[in-house]
Amino acid sequence: MRRGIAMDSIQWSRWMSVGIEELDDDHRVLVDIVNKLGADENRASPDVVEAILDELIHYTKDHFAREEAHMAQANYPTFAAHKALHDTLTRNVESYRERFHAQRDTITGDAVFEFCADWLGQHILKEDTRFGAYAAEQ
């Protein structure tokens, strides 16, 4: 994507809902944070990209803790695997942030947006909605 052209933002949809208001609210905040990277002026500034990545990492850790508490309370049968996935995802985003910091001249804001949008969308749509279906049956 060329600079000056707005990136497509992630659009919240009912398919992303897990049916637990607190977690859905968290997911909306995460979508909003990632969508900040879609703004031309933000993608063009490595300092802003780093700040958004820092915000995403911080909020993700808080969200994962809340989500894991819900899973533990519901006795989610794949809780341990989901927590391990959260730990891996956190490390992946932290590693990506470090790589961006070291290579800010070669990693574009577009690439960061695409990485984060894919990471978030895949996790919510593939993993979190499974928990939502389980929780709805309890």
Side-chain angles (χ1 to χ4, degrees):
M1 181 84 34
R2 296 181 328 253
R3 279 195 186 168
I5 305 295
M7 300 290 292
D8 290 335
S9 61
I10 302 169
Q11 299 299 315
W12 178 264
S13 76
R14 64 183 178 92
W15 302 109
M16 298 171 105
S17 176
V18 297
I20 299 169
E21 187 174 343
E22 179 181 30
L23 300 183
D24 285 344
D25 289 347
D26 276 357
H27 289 157
R28 284 182 188 95
V29 170
L30 289 167
V31 165
D32 288 345
I33 293 169
V34 171
N35 280 339
K36 289 179 186 180
L37 290 166
D40 294 337
E41 65 276 8
N42 293 343
R43 285 192 330 275
S45 170
D47 291 336
V48 173
V49 170
E50 281 191 41
I52 294 169
L53 283 170
D54 289 342
E55 180 183 9
L56 178 64
I57 290 165
H58 177 75
Y59 197 87
T60 297
K61 288 178 180 179
D62 291 345
H63 163 66
F64 283 169
R66 284 188 288 276
E67 191 172 87
E68 290 164 7
H70 279 276
M71 290 178 173
Q73 184 178 17
N75 294 313
Y76 189 44
T78 59
F79 169 74
H82 198 103
K83 181 173 181 351
L85 181 60
H86 281 172
D87 294 343
T88 299
L89 288 169
T90 300
R91 283 192 304 273
N92 287 348
V93 175
E94 288 173 333
S95 174
Y96 191 85
R97 192 255 186 241
E98 290 171 13
R99 194 165 72 242
F100 177 80
H101 180 74
Q103 300 172 10
R104 55 192 338 205
D105 293 335
T106 59
I107 299 175
T108 65
D110 293 354
V112 175
F113 173 79
E114 290 171 12
F115 170 83
C116 292
D118 183 60
W119 168 82
L120 180 63
Q122 293 295 322
H123 183 71
I124 292 173
L125 289 171
K126 289 188 175 179
E127 302 299 333
D128 290 346
T129 55
R130 287 185 195 144
F131 170 63
Y134 173 83
E137 293 175 1
Q138 301 306 304

- [ ] Can you see which heavy atom on Ala74 is nearest to which on Tyr134, and at what distance?
- [x] O-OH, 3.1 Å
Task: Nearest heavy atoms of Asn35 and Phe113, plus distance in Å - done: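 Looking at all heavy atoms of both residues, the shortest contact is OD1-CE1, 4.1 Å.
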Task: Lys36/Glu41 salt bridge by N-O under 4.0 Å criterion - done: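 No.
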TODO: Decide, yes or no, whether a salt bridge links Asp24 with Arg28 under the criterion of side-chain N to carboxylate O below 4.0 Å.
DONE: no
Task: Atom pair OG1 (Thr60) and CD (Glu94), whose distance is rounded to the nearest 0.5 Å - done: 9.5 Å
- [ ] Treat each ILVMFWY residue as a node, draw an edge where side-chain heavy atoms are under 4.5 Å apart, and state whether Leu120 and Phe64 are in one component.
- [x]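 Leu120 and Phe64: one cluster.
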- [ ] Check the surroundings of atom CD in Gln73: do more than 12 heavy atoms from other residues, nucleotides or ligands lie under 6.0 Å from it?
- [x] no
Open item on the list: Other residues, nucleotides and ligands only: do more than 12 of their heavy atoms fall within 6.0 Å of CD on Gln138?
Closed with: yes
- [ ] Name all residues meeting the salt bridge (Lys or Arg N to Asp or Glu O under 4.0 Å) criterion together with Asp47; count only those two or more places apart in sequence or in a different chain, and write none if there are none.
- [x] Arg104
TODO: Only pairs at least two apart or in different chains count here, so list each ring pair (Phe, Tyr, Trp, His ring centres under 6.0 Å) that has a residue in residues 11-50.
DONE: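 Output for this query lists His27-His63.
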TODO: Keeping the roles fixed (side chain from Tyr76, backbone from His70), state whether a donor-acceptor pair exists under 3.5 Å.
DONE: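 Answer holds: no.
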Task: Backbone of Asn42 reached by a side-chain donor or acceptor of Ser45 within 3.5 Å - done: no
- [ ] List in chain and number order the residues that pass ring pair (Phe, Tyr, Trp, His ring centres under 6.0 Å) with Tyr59, two or more places apart in sequence or in another chain; answer none if no residue qualifies.
- [x] none
TODO: Please assess Val18 against Arg130 for the test side chain to side chain contact (heavy atoms under 4.5 Å, CB included), listing each intermediate value before the final yes or no.
DONE: CA-CA 8 Å; Val18 297; Arg130 287 185 195 144; over 6 Å; no
